[in-house]
Peer 1: 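Got a structure for you, questions after.
All values below come from the heavy atoms of this structure, side chains included, with hydrogens, waters and symmetry mates left out. All chains are named by letter (A, B, ...) in the order of the sequence lines, taking the proteins before the strands, and each is independently numbered beginning at 1.
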Amino acid sequence: MRDLSDPLRPVPGSQSPAAAPILETRGLGYDAGGRVLIDGLDLTIRPCRRTVVLGANGAGKSLALRLMHGLMRPARGEVLWQGKPLDRQARAAQAMVFQRPVMLRRSVRANLRFALVVHGFAGRERALREARALEQARLTDLAHRPARVLSGGEQQRLALARALATEPRILFLDEPTASLDPASTHAVETLIDAAHAAGITIVLVTHDLGQARRLGDDVIFLHAGQVAETGPAARVLTAPSSGPARAWIDGRLYFDPTP
Amino acid sequence: MRDLSDPLRPVPGSQSPAAAPILETRGLGYDAGGRVLIDGLDLTIRPCRRTVVLGANGAGKSLALRLMHGLMRPARGEVLWQGKPLDRQARAAQAMVFQRPVMLRRSVRANLRFALVVHGFAGRERALREARALEQARLTDLAHRPARVLSGGEQQRLALARALATEPRILFLDEPTASLDPASTHAVETLIDAAHAAGITIVLVTHDLGQARRLGDDVIFLHAGQVAETGPAARVLTAPSSGPARAWIDGRLYFDPTP
Amino acid sequence: DDFIIVQSTTSTQNSGLFDDLLPKFQAKTGIEVRVVAVGTGQAIKNAANGDGDVLFVHAKPAEEKFVADGDGVVRYDVMYNDFVIVGPADDPAGVAGSSDVTAALTTIAQAQAPFASRGDDSGTHKAELRLWKAAGVDAPAASGDWYRETGSGMGATLNAGTAMGAYIMTDRATWIAFGNKGDYQIAVQGDERMFNQYGIILVNPETHPGVKAELGQAFVDWVVSPEGQDAIAAYKVDGQQLFFPNAGE
Amino acid sequence: MQPDTGIIAAAMGLILSGNADLIEIVGLSLRVTLSAVILSCAIGLPLGAAVGAWRFPGRGVLAVLLNALMGLPPVVVGLAVYLMLSASGPFGPLRLLYTPTAMIIAQTILVTPIVAALTRQAIEDLQSEYGEQFASLGVGPVRRLSALLWDARVGLLTVALAGFGRAVAEVGAVMIVGGNINHVTRVMTTTIALETSKGNLQLALALGVVLLGLALVVNAAVMAVRGVSARAAHA
Amino acid sequence: MQPDTGIIAAAMGLILSGNADLIEIVGLSLRVTLSAVILSCAIGLPLGAAVGAWRFPGRGVLAVLLNALMGLPPVVVGLAVYLMLSASGPFGPLRLLYTPTAMIIAQTILVTPIVAALTRQAIEDLQSEYGEQFASLGVGPVRRLSALLWDARVGLLTVALAGFGRAVAEVGAVMIVGGNINHVTRVMTTTIALETSKGNLQLALALGVVLLGLALVVNAAVMAVRGVSARAAHA
Ligand SMILES: Nc1ncnc2c1ncn2[C@@H]1O[C@H](COP(=O)(O)OP(=O)(O)OP(=O)(O)O)[C@@H](O)[C@H]1O
Ligand SMILES: Nc1ncnc2c1ncn2[C@@H]1O[C@H](COP(=O)(O)OP(=O)(O)OP(=O)(O)O)[C@@H](O)[C@H]1O
Ligand SMILES: [Mg+2]
Ligand SMILES: [Mg+2]
């Protein structure tokens, strides 16, 4: 397994904006059902930073995450992982929590174990991580329950714990607290912070302005499959320069003035 | 079809707390996997009011809604609809938006049409309602898209529109804005308000304190499958009397002081 | 493994002869005989592939060709029974009681009474075709009309023919042992041209090295020996002798 | 034995010869098989869906029974139908024995349990996803079936193809009730059996290859349709 | 004809008689069928899962081929296996012809495409749900198959039962390669065919009822196991 002394792994805290991007997209495009859904995305994800992806429903946030994670083949453009095209090995260093978590038809514990086994953990090491992940997700008491009967929030916590247990370099989170109660939301934000502090790059989709403020270093704002605005969270979330971002923050619908 | 002059239908605005309950549960209980998941719920839903159901993840909110809607057979106790046991006909006067919306393997429009056909609408009437529902959910442009490729937020909007299109007497909403952007959240809250104004009784699960404040008349607070507290929203959300409710509002975990 | 495989036909098997004969042989020699009962054509083909040690069928010309082709060592006559024509009790063509097979067939053809033929190139089928020819009737030309080729074994043809109310030519052994006779009776019998000769051949071990020549030869020898011949003659169903041994005649 | 290429070549030769008898036999095979599959689907799809989607006492027993009936022996079905249709049987007066209709009846009896049992499984899976939504909408029992069948249609095509496979390959039952009568009820499988019993193994194999080719064409056509419908339905 | 009650009674009588021949025949039937089904599952489950879950060129063609092979005619399979195992065939020296092993081989060839084709469909459905999660976790191709097969096990039981149904009812192929030799390769279906050709229709039907009863017992046992496993797996 990779360990923390991996020379390629950036030192935690090295958040200088000048650091080489860990992941970039160049002119990324995706079509389906005869429509252009993602159009010319040039994104830069900097290592060890928390990038928040914002945008209206249907803006293409989840699609963008899937493309960056290499789950879908782009129609145009490319995704670069540390400057090189994404391959299977690169993806093994990534993890994602889906908007609608996929639970295997197994117990909570077996869901975690599956991910750990896939990532090569075995024996005591695996048991330890399993226990820690259950603890993190506060699911220890439910470890033997079939995962698919868990409540919405419990499933979301399990999905996050499963992703974290594999120790990714980058973690894609698609609305990870959408179904969580306030205390769990707080706990998950703390977990994300801890992961970030441990050097994991975070890419987070959320509709919660407060969360974006609390967790975001950089912001990518999508609108209708295109980038409307990017920049440091401090600026974009207080003084957005694009119409869509302004409207979103105000809780208004944005209608393109030039139709 | 039922029309608005239905004599059984309470006049909108008759929100007197003394009105006979539209739905009651008596000692409702549910077990699964060898555990008591819902325990002795005595709930009263008053007609034409908006009842907000709160509680931590796994508290049993979704199960409670399912039991009230008659989707599951309770292990103990009973559900009374206008004083009589729930039957199939009573359920036809109810609608529910699930926490994880179920989309038929059909187009957006066909999903709406299916619900309308089931409720006996036909011809011009159905076409009108279909168009109106698409408009409400802002999905008119996506009407021909397969429903299962919609984004999370779009699916949630479609599920709400589908439930509203059947003109229920009571509407159960399980975290209906969890994946919605701020503007859509606002739009959905407006829709809920309009439905309420038209005399539809609302039962809403949410984790959003602001939403509970904006939409709630009454609050039911669940903890570990039991009722922790009930009362008018104005009181419960400002001066909760139970430990769990206080902790939830503060965004803290609640640990039972008497284990 | 002290066993041999005999490729034979359904008529010998369905009549129950083997069930009577083989235990006697095994008691004497300790050799187990495994019978594969299929259509005559298939039995000969299987034997020609070397998938059997002994061939025991009733189609003399084909058997002689089998030996001539080098697949068999030598052919022995074993026994005969006779063919009969069975028909429904109401006897639509009015041939019941006849012992002149060509006349009966001509009558059936003229009456266009249904006739079920096996149509499978089996020994029985070939014999039937010879008789039609002798009667001067081109029956296969009426195939699908009153002449119905079932393309299947004797039993299946009897099941089908009796259900159709058709006349059927069958061997007496199969008929006596047959369980689904309904109201059927033997209509035509006793014509010398309806004899049905069985032969036995050891598969040639020189062409087919896998053949258990010694054990196979033992079976052939026993069947044509007085002991085997007596056993065949002694086999009766409902008090009737089904096969008439004629080895060495 | 000749090498396998000989058999393929023989099959090709058979097809190219345009032999009238072969065309007749292939035509009847297709007619009987497709009729039986259509009938089996007409019965088995709703039946399987009902067992998969409805809750009623005896449902589990019925599911086991359908599964077990997938093991109906063709010869037994053939015999039972024969006894029903024979002149001395209850339906004797209809004079259906030794007609293609009798073969269609026998195959329908054989294939219906297969379609029903596999449909039950497919519908049960979909019902576990749709069930609560349907109950919430107050979908009636009949519309529930039709909706589930429609939404499961991609998977049910494979079910229908399994039924087609069983029917097209079937010989035991059609032999008994059809009688393999030349020019009347002779189909590909009974011809193959006949040629086998005649010892014409090469011809039998070549006919088998033609039959498989036929199955391949039907399957490819159905899967092409499926491809189109899947694009519209799934995701 | 006797009424049907006569047949059921005859079947009961057969079972209760504890006839040694019958027990031998039933035993061999079960042995051959279960061996063939187990082998077919060992081949067909991973094969079908691979076609259902992996993306590779020719996948669509393979899926169509598997579906078409569900229509393999038993007689043709019997013949092909016969030619392989015949003394003059390539595997003649193994001397497997007219043994239960030959019957198991033939049935395995018949049943494997059924298991594989139905598995493909079931796995394709599950893969459409799990696919992205697996890709995200970096699940390798082999573990992907095993995980999908495991999680689809409830549905795959029905697939295996469909294979069992086909195998237990099969007569054409086992007749050719087994030879229906008394006390050696005689199974239920070949006995039924033999009694039918002897005109002992009642006995044949009674044996058919016994065979169906056997299928029923096996199915009920499997479904009972399924009930237990479903409770643990599903939701
Ligand atoms: N296969 C597809 N065919 C057609 N349209 C698709 C397909 N997949 C996605 N879409 C559309 O692409 C758009 C973007 O989807 P995406 O899931 O990325 O939205 P999102 O930004 O994540 O929205 P949300 O906030 O609601 O989750 C949506 O309008 C959706 O309907
Ligand atoms: N079939 C079942 N077997 C075992 N446990 C179950 C089953 N169904 C639900 N549960 C458990 O019951 C509890 C209540 O579930 P429910 O879905 O009602 O929670 P909830 O209050 O809606 O939570 P959330 O806010 O996360 O949606 C959860 O802990 C869940 O794991
Ligand atoms: Mg999304
Ligand atoms: Mg819930």
Peer 1: Are any of the side-chain heavy atoms of D/Val76 and E/Leu211 separated by less than 4.5 Å?
Peer 2: no
Peer 1: Shortest non-hydrogen contact from D/Pro74 to E/Ala169?
Peer 2: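 Heavy-atom minimum between the residues: CD-O, 3.3 Å.
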Peer 1: Please tell me if the side chains of E/Val171 and D/Val171 come closer than 4.5 Å, counting only heavy atoms from C-beta onward.
Peer 2: no
Peer 1: Would you compute the distance between atom CG of E/Leu205 and atom CG of D/Leu79 and round it to the nearest 0.5 angstrom?
Peer 2: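 Rounded to the nearest 0.5 Å, the CG-CG separation comes out at 5.0 Å.
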Peer 1: Let me confirm one number: the CD-CD distance from E/Glu129 to D/Glu129, rounded to the nearest 0.5 Å.
Peer 2: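 Answer rounded to 0.5 Å: 8.0 Å.
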Peer 1: Report the C-alpha separation of E/Arg166 and D/Arg166 in whole Å, then their side-chain angles, then the decisive distance to 0.1 Å, and conclude whether the side chain to side chain contact (heavy atoms under 4.5 Å, CB included) test is met.
Peer 2: CA-CA 8 Å; E/Arg166 174 72 169 247; D/Arg166 174 72 168 246; 3.7 Å; yes
Peer 1: Does any part of the side chain of D/Asn67, heavy atoms only, come nearer than 4.5 Å to the side chain of E/Phe164, both counted from C-beta?
Peer 2: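 Counting from C-beta outward, E/Phe164 and D/Asn67 never come under 4.5 Å.
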Peer 1: Contact between D/Leu69 and E/Leu216 at the side-chain level, heavy atoms closer than 4.5 Å - yes or no?
Peer 2: no
Peer 1: Using non-hydrogen atoms only, which part of D/Ala117 is less than 4.5 Å away from chain E: side chain, backbone, both, or neither?
Peer 2: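 Just the backbone, heavy atoms under 4.5 Å.
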Peer 1: For chain E, find which of D/Ile192, D/Ile176, D/Thr33 contributes the most heavy-atom pairs closer than 4.5 angstrom.
Peer 2: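 Looking at each of D/Ile192, D/Ile176, D/Thr33 in turn, D/Ile192 comes out on top.
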Peer 1: Could you tell me which non-hydrogen atom of D/Ala63 sits nearest to which non-hydrogen atom of E/Met223, and how far apart they are?
Peer 2: CB-CE, 4.3 Å
Peer 1: Using the side chain to side chain contact (heavy atoms under 4.5 Å, CB included) rule, take E/Asp125 and D/Asp125 through it: C-alpha gap first, then chi angles, then the decisive distance, then the call.
Peer 2: CA-CA 10 Å; E/Asp125 293 347; D/Asp125 293 348; over 6 Å; no
Peer 1: At a 4.5 Å cut-off on heavy atoms, which part of D/Glu170 comes close to chain E: side chain, backbone, both, or neither?
Peer 2: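 For D/Glu170, there is no contact with chain E at all, as no heavy atom is under 4.5 Å.
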Peer 1: Is it the backbone or the side chain of D/Leu65 that comes under 4.5 Å from a heavy atom of chain E, or both, or neither?
Peer 2: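 D/Leu65 touches chain E through backbone and side-chain heavy atoms alike.
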Peer 1: If you take all heavy atoms of E/Met70 and D/Leu161, which pair is closest and at what distance?
Peer 2: CE-C, 3.7 Å
Peer 1: Quick one, D/Leu72 and E/Leu212 - any side-chain contact, counting heavy atoms below 4.5 Å?
Peer 2: yes
Peer 1: Can you tell which of E/Gly155, E/Ala167, E/Pro90 has the highest number of heavy-atom pairs within less than 4.5 Å of chain D?
Peer 2: E/Gly155
Peer 1: What closest approach, in Å, do D/Ala162 and E/Leu118 show between heavy atoms, and which atom pair accounts for it?
Peer 2: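 Scanning both residues completely, I find the closest heavy atoms to be CB-CD2, 4.2 Å.
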Peer 1: Considering only heavy atoms, which portion of E/Thr158 lies under 4.5 Å from any heavy atom of chain D: side chain, backbone, both, or neither?
Peer 2: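 For E/Thr158, the contact with chain D is made by backbone and side chain together.
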